[in-house]
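To start, I am sharing the structure in question, which I have written as structure tokens.
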Amino acid sequence: MAEVEAVQAEETRVDKRKATEYKTDLKPIWCPGCGDFGALTAFYNAFAEVGIDTKDVAIISGIGCSGRFGYFIKSYGFHVVHGRVLPIAMGTKVANPDLHVFGISGDGDALAIGGGHIPHMARRNLKMVYVILDNAIYGLTKGQASPTSPEVMKTGTTPTGGFEKPLDPVLLMLAYGATFVARGYTAKYKAVSDLIVKAMSHNGFAVIHAISPCPVFNKNVTFKSVSQLVEDIPEDHDITDRMKAMELALDKDKIHLGLFYQIEEPSLEDKLGLQDRYAMKIDSTARMNDLLERFQ
Amino acid sequence: MAEVEAVQAEETRVDKRKATEYKTDLKPIWCPGCGDFGALTAFYNAFAEVGIDTKDVAIISGIGCSGRFGYFIKSYGFHVVHGRVLPIAMGTKVANPDLHVFGISGDGDALAIGGGHIPHMARRNLKMVYVILDNAIYGLTKGQASPTSPEVMKTGTTPTGGFEKPLDPVLLMLAYGATFVARGYTAKYKAVSDLIVKAMSHNGFAVIHAISPCPVFNKNVTFKSVSQLVEDIPEDHDITDRMKAMELALDKDKIHLGLFYQIEEPSLEDKLGLQDRYAMKIDSTARMNDLLERFQ
Amino acid sequence: MSKQDIVIRIGGEGGEGVISAGEILSRAAARSQFHFFTFRTYPAEIKGGLAMFQLRISRRQVLSHGSALDVLMCFNQEAFDNYWKELKPDGIVLYDPKYFTPPKAFKNKSIPLELEQISLDSSGTTRGKNIVAVGAIGEMIGIPYDTSAKLVEEIFLRKGEKVVLSNQKALKGACEYSKKAIQKIDLGEPEMSQDEHWLILSGNEALALGAISAGCRFCTGYPITPASSVLEFMARELPGFGGTVIQCEDEISAIGACLGASFAGAKAMTPTSGPGLALMTEMLNLAFMSETPIVVVDVQRSGPSTGMPTKTEQGDLRYALYGSPGECPRVVIAPASVRDCFFEMIRAFNIAEKYQVAVLVLSDQTLANRTTTVKRFDLNKIHIDNRIQPSDEDLKNDIYARYKLTDTGVSPMLIPGDPRGAFIATGLEHDEYCTPGYTPELHSTMTLKRFKKLDTLAADLENGGSQNGHYFMDIPKGAKIGIIAWGATFGPIREALEMAKETGVEIAHLHPKVLWPLPDKQIKEFISSVDKVIIPEENYLGHLSEVIKANYDVKPIQINKFEGIPFTPEELFQNIMEVG
Amino acid sequence: MSKQDIVIRIGGEGGEGVISAGEILSRAAARSQFHFFTFRTYPAEIKGGLAMFQLRISRRQVLSHGSALDVLMCFNQEAFDNYWKELKPDGIVLYDPKYFTPPKAFKNKSIPLELEQISLDSSGTTRGKNIVAVGAIGEMIGIPYDTSAKLVEEIFLRKGEKVVLSNQKALKGACEYSKKAIQKIDLGEPEMSQDEHWLILSGNEALALGAISAGCRFCTGYPITPASSVLEFMARELPGFGGTVIQCEDEISAIGACLGASFAGAKAMTPTSGPGLALMTEMLNLAFMSETPIVVVDVQRSGPSTGMPTKTEQGDLRYALYGSPGECPRVVIAPASVRDCFFEMIRAFNIAEKYQVAVLVLSDQTLANRTTTVKRFDLNKIHIDNRIQPSDEDLKNDIYARYKLTDTGVSPMLIPGDPRGAFIATGLEHDEYCTPGYTPELHSTMTLKRFKKLDTLAADLENGGSQNGHYFMDIPKGAKIGIIAWGATFGPIREALEMAKETGVEIAHLHPKVLWPLPDKQIKEFISSVDKVIIPEENYLGHLSEVIKANYDVKPIQINKFEGIPFTPEELFQNIMEVG
Ligand SMILES: Cc1ncc(C[n+]2csc(CCOP(=O)(O)OP(=O)(O)O)c2C)c(N)n1
Ligand SMILES: Cc1ncc(C[n+]2csc(CCOP(=O)(O)OP(=O)(O)O)c2C)c(N)n1
Ligand code: SF4
Ligand code: SF4
Ligand SMILES: [Mg+2]
Ligand SMILES: [Mg+2]
């Protein structure tokens, strides 16, 4: 049933622009079969559906295979250093709230070296979309354990298997108080595209955990293994129920896909009154002269 | 009832050593009325009860008023840099598993600059006790907002009130998969002392979130305001129920005190087989010669 | 007694009102047409410990906190024990006999000043203790009662009429007592005219005001002594100018947010100190590689590591110049005075934006916290540079070369949202069009491009491309010795050289404010015009010395002080005469 | 044809077997009593892109990957296009006509080698493509078929008998073809005797082996090219020695864990590269201030920022020496060869432990990945230093002075768990007993103490306190030119100087391995014994040049290559003769 509906939605969906309009001339350098291709397609499609103008998009991406994302989408972008997508995205968005800001990280970029920034971005509820492309491995550095690697997994740095429990990004986001928390699977790129569209209209920090297997370095988390575990979130799930969302995230038997949680809360832009602030006509010199008075 | 029992426990408790044995000659430099005094007393008492030998204790503390902790307890210690208590504690413990390792952080030290380390320490489940002394303010730098400051609070850096939702350390620890999660209140130092004793016998990463008001810089989170909100965790709470623990943490009306969650899982020492590894008698030269063979 | 200037130190337990007494006294002095210069040390502990406020007052403008003390006001025994040695032979001690009395053997003149008792007698409460100190000292140096009383009113008004009155009474009582018990010191007639406008500013305030005047509209930071007050100042004032301030989760996030904001078109800065700066290392590299303008303020404190957070040191220069893995020069600016803090911040932003580089501004703990009289800035004379944006010509053919190779090395920079193009800023090696590339040719071409910008900047500075001097140079006739120095030692050096001049020795002085790129021509000229170069620094290693040695043909004599406290003019004078 | 040595390059699409062909060939060569030296570049992309393996083979020991090419084996057109220019005039091209054929205009000798076809014909599958390359080239330079066949067996055994056989057939086929189609090159008789023991090692392997031999038992890191393989090697091998390896969440955590482990008594190290090193800045300061021994390995890559992760550069020396806010020197060591990687790691640990300091070991991308023949280490001759522990005398009166003032600056260091005392290591300024303190006297006393250790180390090195030379120096009679250099340029320089010698020009060479503290006496001696000093570096700025200029009275001539690839001996020779 759900599937039929999805197909119908797909058919009735009117794309405002063509997905190919967002392609740059650069050919993605990912390995054949890399999960990130699905994410890229999802982005092209989502942008086409929204009909967004390339000039209004800023993609901030980290270091990793996934970090190459920005080069393949026509838009403004900043390919930053490892783990620092969120601070830089924050600056970009606050300084120019008219932009649609997207952050793209790998699982290592987001949850290992960059893990300290996420709770604070969630607290701020800045309006942006953050996509974590999770292959449960360090791809670009050729196969070391990541924070989402299954504990048993043997990798370059865990030759006899790991010894750390994996983290669940969805559960973390819920604990941090993120106001939009979803999970996709890049093999199902249409669903990912839909999540991106939804996320783009969310007034706050929207996180999409996108499972995106690495067929080259990860022999444990594969398209095959993931496909057997995924299941759409039940339709009757109340997306404003945080406890219920956590329960779904903690489900040991299934990987749930879809929107776990969404609530309306003032965004950072609202709280700081950024639109008003930037709209103000200020005579800076006069104001500075007033300020100087105070020091006389 | 609960209180009566606590008092009885207090009375029947046989301290193996005197609390004063753990005092150094250095007088704490905290302001009169600082919550951290209660935490210090709790430590002296817990150590006395356990009868631990000062030589077996290593206290790793961060930067902040709270970071001065180590100087006042007779023991080995490392007063490190801001936010890095956990990595340094990890190295200390792994290299010398016989030590009882304690980490002490302020709320800023733990959750702002140091926030990226916590999920990973939880994943590792290294046997140590981590105490977060939470005054919901930056004390040592004289009053700026911290990750646990109430959103409305006016501070040096939020002159018209803040704009970030506070984080709840207990909820975070539960999401990270920490195996021992508790909350204390330094005004009730006896309960804190009991939690420390319990944490010391936990085989894994034990976190105690200790509310410890700063009467000098925090006018919102005070002994008075906190005392009105705290409530002991119901006695019938199942400490192995993670969902239930999260629910308690999310309670908006009350600040629950006590042990939220404790489960048995192999510690990092167990998983790495550290005790066996260090007990091995290895002829390093012979082994190195063998290894070199492989490169011929 | 008449004097050119007078150095007053107030010492006591932190929190006892030592600092506030000093602050009120200095503002009252300024309103009475005095110039002043303050220096304070905070206790390192959270509460308690010895706090000290030093105030030098004169009719002329003074450039340092002075050397030995004319007046030492002791709130307690500890203050006396720690500071009496710094008194001039004719320096006097004021003390509250309730707390302690100098020993018999003590030779200087000591005058009892019963802070609490006078307060109690005149206002009915002992709370006016610090105001008594203000009144007594004010009277002694000729600050009219009315001026201080007015100030007291302004300060205490928000606490209510009663508090104002009570404090004014304490003030009055103190003045009366002072008239009787303490000899007046005549500092001469005002030089400052009534209608000149003088500001009372600390270095950190001047930095923040400079940043806002330069157009900074985005500021992030993580609290750290002694830089927090810049962040706090910005948090209070920037929103009124349409800007935004966010306290971040750490310094990495703070500088990252600034890079993001700058990428998005805003002028951005982050203030910090040593430990925080250390954490910004990787991002400073990203700024350079991606050519994103940014200003980082480093209020130096005594290190290494956590070190002595409330003490001073010129210890970060080596890091500022060289502290980056990979080849990544930074522009480094060190203001030499409170006034400079304002103007050098404007220069910093101008350079950052014009050359698309990271600019590090090195202040220090003393410069940050000292207050002094500063001639009011003429905002109309400030010149602002902005980043160059691509012309329509640059954008024809629908391809925008973000990292275009140009004669200056500087490429026009599009601002996201501009419909004329798009680009992806990057920390990877890249070609003109942002595409990652790793050929030997590309890397050498782009390396040269990035370094070219520094050469262009050096040439522009040389050609006076900047509004006011990026160095101070004075080569008096007959000078055989030359001092090269940087940062906040400027004032004490000027005064030390005055002293030398009085003994008949002329000494040259070069004080670059832009430390990288160095004022090459001037340094060469300076070096060749003197026989000996002396480089005094408040550090152990002699950072500037090392740079000068690496780049010029000279073997400077080093004078190094590494005690966490600044040079006094007297001590510098002695040292220079010794080694010179 | 007979030659002293031969330079072979194999190029093709990454993942096509280029690297594995080169690796098999080099091991086969070593087993046939050849010396060799390899150089490889990886594609920067994840999959695909041009990969290249260069192999220099000789009967003598060779010190570099050579200059122009004798043999270029092209797996595809791109390899030919990129590399043909580097062929010697008499260099030959081997190509697979299935993929491409050199253009008619191409003048060098070109020989078709149908990689896939030969494999198919002899083994029934095209999969032996890279083995065909091994066989054909091996035959050409005189590697016996049996030796290669044996190696093939060892390598493929875990894939099963069938795979072994099939590959051996392809090998055989290739040998047969080679005999007919490719002229043999005679490299002379073996100098290496059969019973000498030679290891085949890469720089990163040697570093890891050195660390373990030095007693390192704790290693943490965060993956980063080109240092990851050190971490991965340690993860495989250290547990067997009773040690522990943990991949951390970032580099801050990695170095933090090492400091904790070292505090707890273990010898600890962390390997990284530029971007990771940048993040370690604050912790390196803590190491210095708290006097906690630690070794950090920096496998330099081309920067700044993310730069070119798979390319080389000597770009981190300035950072290594100066990159710390506050005054915090680091001991810096740069191995000059694969062999050095082993011994200098031992030195690094010895120094770290003995003087309780942070030691930075600077390797680089080429040194890390090159493999070469290295004489087997005699483990019995290795000298190990450990930190001094307090005597019972030190601990009497029940007070232990962790930061005791001593003549050497080094204080005995108790290990937690020791019942004889306790202490708190700290990053705050402190007195001998770890108590925080901020007086001018204390800070200057402790600053001097910390720097004293460096003086002691310098003197100890000078006095031969270390087992093998901390510098290489050669001043031939009549040398007017002297080269000073550091790190992996050692080999190419030695060979360039050989070339110069052949043209009758003697050139002196000083190559410090310990870069801080510098071998002061030797540098002075060296500088005064030549007329001109040339400093070649694989960077833009001339880092060593700057250091030498700052510390010595000389104006070196710089030769800088900043292309992400190493010097060749030929190119160095040309450059030296030009500027010299
Ligand atoms: C500070 C720093 N440390 C380490 C690296 C090396 N590095 C590059 S990508 C990467 C991790 C890649 O994993 P992930 O983020 O999961 O991305 P993926 O490649 O799997 O998409 C690492 C460790 C770096 N670039 N910078
Ligand atoms: C890298 C770095 N950044 C900033 C500081 C300055 N600093 C010292 S303590 C502190 C925060 C104190 O707050 P908290 O951790 O809550 O401890 P408290 O003082 O409240 O106990 C800060 C920001 C520092 N020492 N190091
Ligand atoms: S290594 Fe893995 S994640 Fe990276 S491009 Fe290849 S398949 Fe994708
Ligand atoms: S400032 Fe606050 S937290 Fe710090 S010692 Fe004083 S009361 Fe305690
Ligand atoms: Mg990944
Ligand atoms: Mg706090």
Side-chain angles (χ1 to χ4, degrees), chain C residues 44 252 273-275 277-279 281-282 284-286 288-290 298 300 302-308 310-311 313 315-316 318-329 426-429 436 438-441 443-444 447-448 451 539-541 546-547 549-551 553 555 562-565, chain D residues 44 252 273-275 277-279 281-282 284-286 288-290 298 300 302-308 310-311 313 315-316 318-329 426-429 436 438-441 443-444 447-448 451 539-541 546-547 549-551 553 555 562-565:
Chain C
I252 300 178
S273 187
L277 189 62
L279 290 170
T281 308
E282 196 194 6
L284 284 167
N285 279 14
L286 177 62
F288 183 71
M289 190 63 154
S290 67
D298 172 24
Q300 297 168 98
S302 183
S305 197
T306 314
M308 308 196 296
T310 58
K311 301 288 169 183
E313 202 149 86
D316 296 351
R318 300 214 304 179
Y319 173 86
L321 295 169
Y322 308 124
S324 108
E327 304 199 80
C328 172
T426 176
L428 280 171
E429 188 56 288
Y438 313 102
T439 63
E441 299 72 36
H443 184 51
S444 64
T447 301
L448 290 170
F451 277 94
N539 57 39
Y540 173 76
L541 286 164
E546 192 158 33
V547 182
K549 281 190 287 178
N551 291 282
D553 206 10
K555 284 185 194 150
F562 41 102
E563 303 184 339
I565 51 173
Chain D
I252 299 177
S273 188
L277 189 62
L279 290 170
T281 308
E282 197 195 5
L284 283 167
N285 279 14
L286 178 61
F288 182 71
M289 191 60 155
S290 67
D298 171 25
Q300 296 167 99
S302 184
S305 195
T306 315
M308 308 197 297
T310 58
K311 303 288 171 183
E313 202 149 87
D316 297 352
R318 299 212 308 177
Y319 173 85
L321 295 170
Y322 308 123
S324 108
E327 305 199 79
C328 172
T426 176
L428 280 171
E429 187 57 286
Y438 314 103
T439 62
E441 299 71 36
H443 184 51
S444 64
T447 301
L448 290 170
F451 278 93
N539 57 40
Y540 172 76
L541 286 164
E546 192 157 31
V547 181
K549 282 190 288 177
N551 292 282
D553 206 8
K555 284 186 191 151
F562 42 101
E563 303 184 340
I565 50 173

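This is a predicted model, so every value here is computed, not measured. Each chain gets a letter, A, B and so on, in the order the sequences are listed, and its residues count up from 1.
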- Query: Taking atom CE of C/M289 and atom CG of C/L428, what is their separation to the nearest 0.5 Å?
  - Reply: 7.5 Å
- Hey, is the main chain of D/G315 close enough, under 3.5 Å, to the side chain of D/Q300 for a donor-acceptor pair? yes
- Rounded to the nearest 0.5 Å, how far does CG of C/D316 lie from CD of D/E327? 9.0 Å
- Relative to chain D, which of C/L286, C/D553, C/L541 shows the most heavy atom pairs under 4.5 Å? C/L541
- Message: Using the rule given for side-chain contact (heavy atoms from CB on, under 4.5 Å), can you reason through C/Y322 versus C/V547, listing the C-alpha separation, both sets of side-chain angles and the distance that settles it, and then say yes or no?
- Response: CA-CA 10 Å; C/Y322 308 124; C/V547 182; 3.6 Å; yes
- Note on the structure: Counting heavy-atom pairs under 4.5 Å with chain D, the top scorer among C/D298, C/L448, C/T426, C/L277 is C/L448
- Note on the structure: With chain D, the option among C/C328, C/P304, C/G303 that has the most non-hydrogen atom pairs under 4.5 Å is C/P304
- Task: Look at C/A320, C/S444, C/G564 and state which one has the largest set of heavy-atom pairs under 4.5 Å with chain D.
- Result: C/S444
- Mind ranking D/E429, D/K311, D/R318 by heavy-atom pairs under 4.5 Å with chain C and telling me who comes out on top? D/R318
- Item | Choice from C/P329, C/S290, C/P275, C/G307 maximising heavy atom contacts with chain D below 4.5 Å | C/G307
- Does any heavy atom of chain D fall under 4.5 Å from the side chain of C/T447, the backbone, both, or neither of them? side chain
- Check for a donor-acceptor pair, side chain of C/N285 on one end and backbone N or O of C/P325 on the other, with a separation under 3.5 Å. yes
- Can you tell me how far the NZ atom of C/K549 sits from the NZ atom of C/K555, to the nearest 0.5 Å? 9.5 Å
- With a 4.5 angstrom heavy-atom cut-off, could you sort out which part of C/I252 is near chain D: side chain, backbone, both or neither? side chain
- Examine whether an atom of D/E313 lies under 4.5 Å from a heavy atom of chain C, and if so say whether it belongs to the side chain, the backbone or both; otherwise answer neither. side chain
- From the list C/S305, C/S302, C/G323, the residue making the most non-hydrogen contacts under 4.5 Å with chain D is C/S305
- Which portion of C/I565 sits near chain D, non-hydrogen atoms under 4.5 angstrom: side chain
- Item | Part of C/F288 lying under 4.5 Å from any heavy atom of chain D | side chain
- What's the spacing between D/E546 CD and C/N551 CG if we round to 0.5 Å? 6.0 Å
